[in-house]
2 protein chains.
Amino acid sequence: MKHGLSETCHLFFSTLANPARLAILELLRNGSKNVTEIAEGLNQEQSMISHNLQLLYNCGFVFPERRKKERFYSLNKETLEPLFKIFLYHAEKYCPTKGKCLTQNGLRRKRKMAAASPMCLSHQ
Amino acid sequence: MKHGLSETCHLFFSTLANPARLAILELLRNGSKNVTEIAEGLNQEQSMISHNLQLLYNCGFVFPERRKKERFYSLNKETLEPLFKIFLYHAEKYCPTKGKCLTQNGLRRKRKMAAASPMCLSHQ
DNA sequence: ATTTCATTTGAAATATATTTCATATTTCAC
DNA sequence: GTGAAATATGAAATATATTTCAAATGAAAT
């Protein structure tokens, strides 16, 4: 299963494929924040935020900057804004429910009842 | 952890965040193929390919078309080509190793020895 | 140099996704 | 209709990722 793009894209997309990290990225669209502010803003454990920031940093999605004791993280807008733009266009065009949906397991479960409607982009 | 984008992007990115599915997408860049051809082309079980095609279909990344007994799948190039383009640009600019790397766990393990070098986009 | 605040780290516990194997469906040719 | 080919499905087995908790580190103020 090791193939050109498959080999190179996996970490890129799996870093984005997580609700906590997506929430962090979205929060940072409004400007850079330190770790505590992010944790409070999202109502999550600070150490969990740290772990996820590390993964985002490893992929170049956020940039850290030290100010006194704190560490501020800012968004890599160059990559992320066009990425989100593609996603939004795709969702608008291909998601019948316009973003009202389920996880992959949830989706599988639901299709049982409601029979294969293509494309549900979010999770409940 | 339910936040605008977080809520709507998760399935989109997690469907892409898988080596088997990325390999399928890459294979389909050379034109549409039926399930058996994909399975043989990637040297994987047919039923595993089917499962993954279903997920790709649910997200609108591939389009199925019936021809006799077979089912051909083609790529949603409108979404995927720009997406790959963004990825390639990002990797070129932010990945120090230009795509020679590890899974998230592997990366974590490696950073222990080689200390935090940012951005490694692939997996070994 | 001790204390305090902010953040990171490691490893176990937990949650989630993927693959496999056996079986079911679907479609077509006869 | 029966049989054979192509694909799909369900559920268990396996693999992988995430979160949590306790502890460690780092930076600054006193």
Side-chain angles (χ1 to χ4, degrees), chain A residues 1 6 10-11 13-24 33-40 42-59 62 64-73 102-113 115-116 118 123-124, chain B residues 1 6 10-11 13-24 32-40 42-59 62 64-73 102-113 115-116 123-124:
Chain A
M1 207 78 314
S6 139
H10 181 225
L11 185 52
F13 289 121
S14 52
T15 298
L16 295 171
N18 173 285
R21 292 192 289 276
L22 286 168
I24 292 172
K33 296 215 177 343
N34 70 30
V35 181
T36 306
E37 286 169 340
I38 297 170
E40 286 171 355
L42 301 176
N43 239 296
Q44 298 294 131
E45 292 258 333
Q46 176 269 318
S47 89
M48 183 267 229
I49 297 298
S50 258
H51 279 300
N52 281 309
L53 281 169
Q54 189 58 60
L55 300 180
L56 289 169
Y57 166 71
N58 286 335
C59 270
V62 298
E65 184 205 347
R66 161 158 269 120
R67 296 224 283 273
K68 298 209 166 187
K69 286 180 195 170
E70 294 139 67
R71 185 175 290 257
F72 283 76
Y73 284 87
L102 302 161
T103 57
Q104 295 191 348
N105 276 325
L107 186 55
R108 232 165 339 213
R109 238 176 285 121
K110 191 174 190 181
R111 290 195 317 115
K112 231 177 192 169
M113 308 179 277
H123 63 111
Q124 62 175 183
Chain B
M1 206 79 316
S6 138
H10 181 224
L11 185 53
F13 288 121
S14 50
T15 298
L16 295 171
N18 173 284
R21 291 192 290 276
L22 287 167
I24 292 173
S32 73
K33 296 214 176 345
N34 71 30
V35 181
T36 307
E37 286 169 341
I38 297 170
E40 286 172 356
L42 300 177
N43 238 296
Q44 298 293 132
E45 292 258 332
Q46 174 270 316
S47 87
M48 184 266 230
I49 297 298
S50 262
H51 278 302
N52 282 308
L53 281 169
Q54 189 58 61
L55 300 179
L56 290 169
Y57 167 71
N58 286 336
C59 269
V62 297
E65 183 205 346
R66 185 177 281 301
R67 296 223 283 272
K68 300 211 165 185
K69 284 180 196 170
E70 294 139 66
R71 186 175 289 256
F72 283 76
Y73 285 87
L102 302 161
T103 58
Q104 295 191 347
N105 276 326
L107 186 56
R108 234 169 332 217
R109 239 175 285 121
K110 191 174 191 182
R111 291 196 316 115
K112 230 176 192 170
M113 310 178 276
H123 64 110
Q124 61 176 183

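No experiment lies behind these values; they were computed from the predicted model shown. Numbers restart at 1 for each chain; the letters A, B, ... are given by sequence-line order, proteins then strands.
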Any A/E65 side-chain heavy atom under 4.5 Å of A/R67 side chain: yes
To the nearest 0.5 angstrom, please state how far the CG atom of A/N18 sits from the OG atom of B/S14. 9.5 Å
B/S/- contact track for nucleotides 25-30 of chain D, protein heavy atom under 4.0 Å: --BSS-
About how many Å separate OH of A/Y73 and CG of A/N34, when rounded to the nearest 0.5 Å? 10.5 Å
Ignoring backbone atoms, test whether B/Q54 places a side-chain nitrogen or oxygen under 4.0 Å from the OP1 or OP2 oxygen of D/dA8. no
Whether A/N34 contacts C/dC5 is assessed here as follows: a side-chain N or O lying under 4.0 Å from the phosphate OP1 or OP2. Is that the case? no
So, does A/N43 use its side chain to make a donor-acceptor pair with the main chain of A/A39 at under 3.5 Å? no
Starting from C1' on D/dT9, measure out to CZ on B/R71 and report it in whole angstrom. 13 Å
Closest listed nucleotide, where the reference is the side chain of A/N18 and the choices are D/dT9, D/dT18, C/dT7: D/dT18
In this structure, how many angstroms lie between the C1' atom of D/dT7 and the CG atom of B/N52, rounded? 14 Å
Hey, does B/Y73 reach any base, or is it just sugar-phosphate, or nothing, if we go heavy atoms under 4.0 Å? sugar-phosphate
Roughly how many Å is it from OH in A/Y57 to P in C/dT8, rounded to a whole number? 11 Å
Distance in angstrom units between A/F13 CZ and D/dA17 P, rounded: 16 Å
Identity of whatever pairs with C/dT8 - Watson-Crick or G-U, under 3.5 angstrom: D/dA23
side-chain contact (heavy atoms from CB on, under 4.5 Å) for A/L55 and A/R21? Distances and angles first, verdict last. CA-CA 9 Å; A/L55 300 180; A/R21 292 192 289 276; 3.3 Å; yes
Which atoms of nucleotides 20-24 of chain C (N or O only) lie under 3.5 Å from a protein N or O atom, and what are those distances?
| from | atom 1 | to | atom 2 | distance (Å) |
| --- | --- | --- | --- | --- |
| C/dT20 | O4 | B/H51 | NE2 | 3.1 |
| C/dC21 | N4 | B/S47 | OG | 2.9 |

Atom CD1 of A/I49 and atom P of D/dC21: how far apart are they, to the nearest Å? 15 Å
For D/dT18, does OP1 or OP2 lie under 4.0 Å from any side-chain N or O of A/R21? yes
Could you check if a side-chain atom of B/F72 sits within less than 4.5 angstrom of a side-chain atom of B/P64, using non-hydrogen atoms only? no
How close or far is atom P of C/dT8 from atom CG of A/L56, stated in whole angstroms? 12 Å
Report the distance from atom CG of B/L53 to atom P of D/dA8, rounded to the nearest whole Å. 7 Å
Who are the salt bridge (charged side-chain N to carboxylate O under 4.0 Å, His left out) partners of A/R66, not counting sequence neighbours? none
How close do B/A17 and A/F13 get, counting heavy atoms only, and between which atoms? CB-C, 3.7 Å
To the nearest 0.5 angstrom, please state how far the CG atom of A/L16 sits from the NE2 atom of B/H10. 10.5 Å
Whole angstroms only, please: what is the CZ-P distance between B/F72 and C/dT26? 21 Å
